[in-house]
Amino acid sequence: MTKTFIGCAPVNFRRGRPSGFQPEAIVIHIGEGSLRSIDQHFNDPGSRVSAHYCVSKAGDIHQYVDEKDTAFHAGNIDRPSWTGLKPGATPGSFINPNFYTIGIEHEGFADDVWPDPQLATSAALVAEIAQRWKIPLDEDHVIRHHQIRFLKSCPGNVIKISDILGRIAAAPAAPAAPPAVTSVKTVSNLRLRRGAPSISAPVVRTIPAQTTVEVSTAVLGDTVNGNNRWYSDGTGNFLWAGGTDQP
Ligand SMILES: [Zn+2]
């Protein structure tokens, strides 16, 4: 995913996050303007606002603030409905949600239908951030700005969080990892290779047929006779799965 780092005015974000805070949720916004105007707004020291990203209608991503830093995108709390808000020291108060959220702006206006490239890129970005910070992909952790600041309709009247999450669920799943195996038996004399699951890796020794071998994981390596599965013994040695009883 290509991101163009634009940055923002130094007074519009806080370097780092307060001790003990890291991203736990993603706040979805609508920028009420063009990508260019949002770039300018975040670089205007008078605005005192920023977000980590903005996704354009064409599906381009501009980044303004590093995810490890605190963007000023959701600090005003007004009749909140988000149950993930952290309570503050005094009753009825809250810790600034900017400390533990990532903000994504979107080019356009509250009543716009999001074009497909914008929705697809937003979904991919949300998925990437969620994976990086171990954020659950549900509506308690990917939220509308409106749920923090009631007065704002942000991110607008058309887009739903389920539109974004639905795109992620619909994405093709990664190929399933080969199952973990603890022991296999060689069906022929089999060379144990050092350093890589490859027929060009040096031979440690030849394991006789009908030997039980403890292995830790199955990995993908050189294809031999149409089979590219190999087993690792967990100490940097590999044997071709095709020569075992669990090819
Ligand atoms: Zn907003």
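When a ligand or atom number is given, it counts from 1 through the structure's own listing order.
- Side-chain contact between Asp222 and Trp240: absent, with no pair of heavy atoms (C-beta onward) separated by less than 4.5 Å.
- Here His29 contributes ND1 and His145 contributes ND1, and at the Zn ion (ligand 1) these two atoms make an angle of 100°, given to 10°.
- The aromatic rings of Tyr100 and Phe21 lie parallel to each other, with less than 30° between the two planes, well short of the 60° mark.
- Backbone or side-chain N, O or S atoms of His73 do not reach the Zn ion (ligand 1) at under 2.8 Å.
- Ring geometry, Tyr64 versus His62: the interplanar angle exceeds 60°, so the pair is classed perpendicular (tilted spans 30 to 60°).
- Here His146 fails the criterion, with no N, O or S atom under 2.8 Å of the Zn ion (ligand 1).
- Only one option out of His41, His145, His106, His52 pairs with His29 in a ring pair (Phe, Tyr, Trp, His ring centres under 6.0 Å); it is His145.
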